[in-house]
Asks: 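The structure is given below, and queries will be raised subsequently.
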Amino acid sequence: MADPLFPADFVWGAATSAYQIEGATAEDGRGPSVWDTFCAVPGNVKDGATGDGAVEHYHRSAEDLDVMASLGLDAYRFSIAWPRVQPDGAGRPDQRGLDFYRRLADGLGERGIAPMATLFHWDLPQRLQDKGGWENRDTAERFADYAEIVFDALDIRDWLTVNEPKTVVECGYRSGVHAPGVQDDGRAFVALHHLLLAHGRASRVLHDRHPGRRIGPALNLHPAYPADDAPGTAEAVRHKDGLENRLYLDPVFRGAYPEDTLAWIAERSPMPSFIRDGDLAAISEPIDLLGVQYYTSHFVDAAGERVLKHPTAQLEWLEIFPGGLYDLLVRLKRDYPAVPLYVTENGVPAPDEVAPDGRVHDTARVTFLRDHLTAVHAALSEGVPVEGYFVWSLLDNFEWAEGYDPRFGIVHVDYETQKRTLKDSALWYRDVVATGRLT
Ligand code: IFM
């Protein structure tokens, strides 16, 4: 069988986020974010790591742009640090923060790389957290103000609103392993509603002020499958699908929370009483693209417990199952209105070492990427409108509560010297980008 060939206009990209790569957390007026606060608490992050220095992208962006150009990327997805633009999360912007992103967008333009900017990748200004963070409805209104500032300041066509609202809900507010470190289902789903409201408000601002540009959310979706055929497993799978997928897709695409999931939430959270008239219309502001982030699927038993059916990656939550990406893309086409789909994150951590010859051999990552791109290609062949793919991540970086150990980059970063080295996966991806062919 011939190697899969992607369409010539397929967008090949790589993704990062501000807190994970920028460093310079106390420079040029940047205000503190919830992640600065969270990392400062001993025990919250492995080895006491923080994003203070990260991989110094704030000072090395020109070098990193050249790395992207050397890979021939069509597009680069990055996030804007809200506390760089509005150190207190409200009021007049700090020009220095805006200028950093303007220079980045200009540098991409000079290299023929299209920017895709995420408004919020978890680094909420701490001042807003002090006022209740995402549990406070006002944060969604502040988000719309912030969005207006950056939309007007930056000449960027494609935008993503909120990165993985589910991770904020599940890790930030339910398990508490992410900032702001809350462990409370009641509060978690209130935060969820306001995150989605923020998405809708910002989308509306873009449509009103910049017709012709595009916007959508970046949703991490986990296909749910039965682990067995025991009585009750099918129900458990449906419940899992509600919490993992429909809870985010239905309000955005259909203007309604899924009834079964909302009923379950109502038993543990006052969230339904926070939904005001007009909110779901705002949340379902038509989107122009959907960011699909896929890492893993969930196989569950009748008790709703996850059962691992395939090998896992360095991080145990990542059960490697490329078929889930195919099923997810096909399901999105089947169940929801058609919008351009972009796989805005997909990747795998591996403990890569630089060999004596200077090469970084990350065979497992090449296999992972090839298998998942094969799944994307199969979905495309069935008419699913996938327009692009962004590997996570361009660079090794700060993996949140896991610190710097899990390396997701296709470009290795020596954390002592900050030297960037293309891993074998980057060299492989460069060929894929150049030829559109998976070899
Ligand atoms: O590093 C994260 C990213 O910030 C959001 N999506 C998942 C990645 C890997 O865990």
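Counting convention: from 1, in listed order, for ligands and their atoms alike. One is the number of the first residue; the rest follow in order along the sequence.
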Asks: Should one rank Y295, W122, Y19, F408 by closest heavy-atom distance to atom 8 (C) of ligand 1, which comes out on top?
Replies: Y295
Asks: Could you identify the single nearest non-hydrogen protein atom to atom 6 (N) of ligand 1 and state the distance to 0.1 Å?
Replies: E345 OE1, 2.5 Å
Asks: On the ring face of Y342, is R214 found with NZ or CZ under 6.0 Å from the centre and within 45° of the axis?
Replies: no
Asks: Checking D396 side chain against G409 main chain: does a donor-acceptor pair fall under 3.5 Å?
Replies: yes
Asks: Under a heavy-atom criterion of less than 4.0 Å, does H121 contact ligand 1?
Replies: yes
Asks: Against ligand 1, does Y294 come closer than 4.0 Å with any heavy atom?
Replies: no
Asks: Is the closest basic N to carboxylate O distance between E382 and K333 below 4.0 Å?
Replies: no
Asks: Considering the heavy atoms of W400, write down every atom of ligand 1 situated less than 4.0 Å from one of them.
Replies: 1 (O), 2 (C), 3 (C), 4 (O)
Asks: Between F78 and D64, is there a side-chain heavy-atom distance shorter than 4.5 Å?
Replies: no
Asks: Would you say D288's side chain and I215's backbone share a donor-acceptor pair under 3.5 angstrom?
Replies: yes
Asks: Does a salt bridge link D66 with R420, judged by any charged N lying under 4.0 Å from a carboxylate O?
Replies: no
Asks: In the protein, what heavy atom is nearest to atom 1 (O) of ligand 1, and what distance, to one decimal place, separates them?
Replies: E399 OE1, 2.6 Å
Asks: With nothing but distance in play, are any N or O atoms of W317 less than 3.5 Å from an N or O of ligand 1?
Replies: no
Asks: Under 4.0 Å from a heavy atom of E164: give me the atoms of ligand 1 that qualify, with their elements.
Replies: 5 (C), 6 (N), 7 (C)
Asks: Can you find an N/O atom of Q20 closer than 3.5 Å to an N/O atom of ligand 1?
Replies: yes
Asks: Going from NZ on K131 to OG1 on T139, what distance comes out if it is rounded to the nearest 0.5 angstrom?
Replies: 9.0 Å
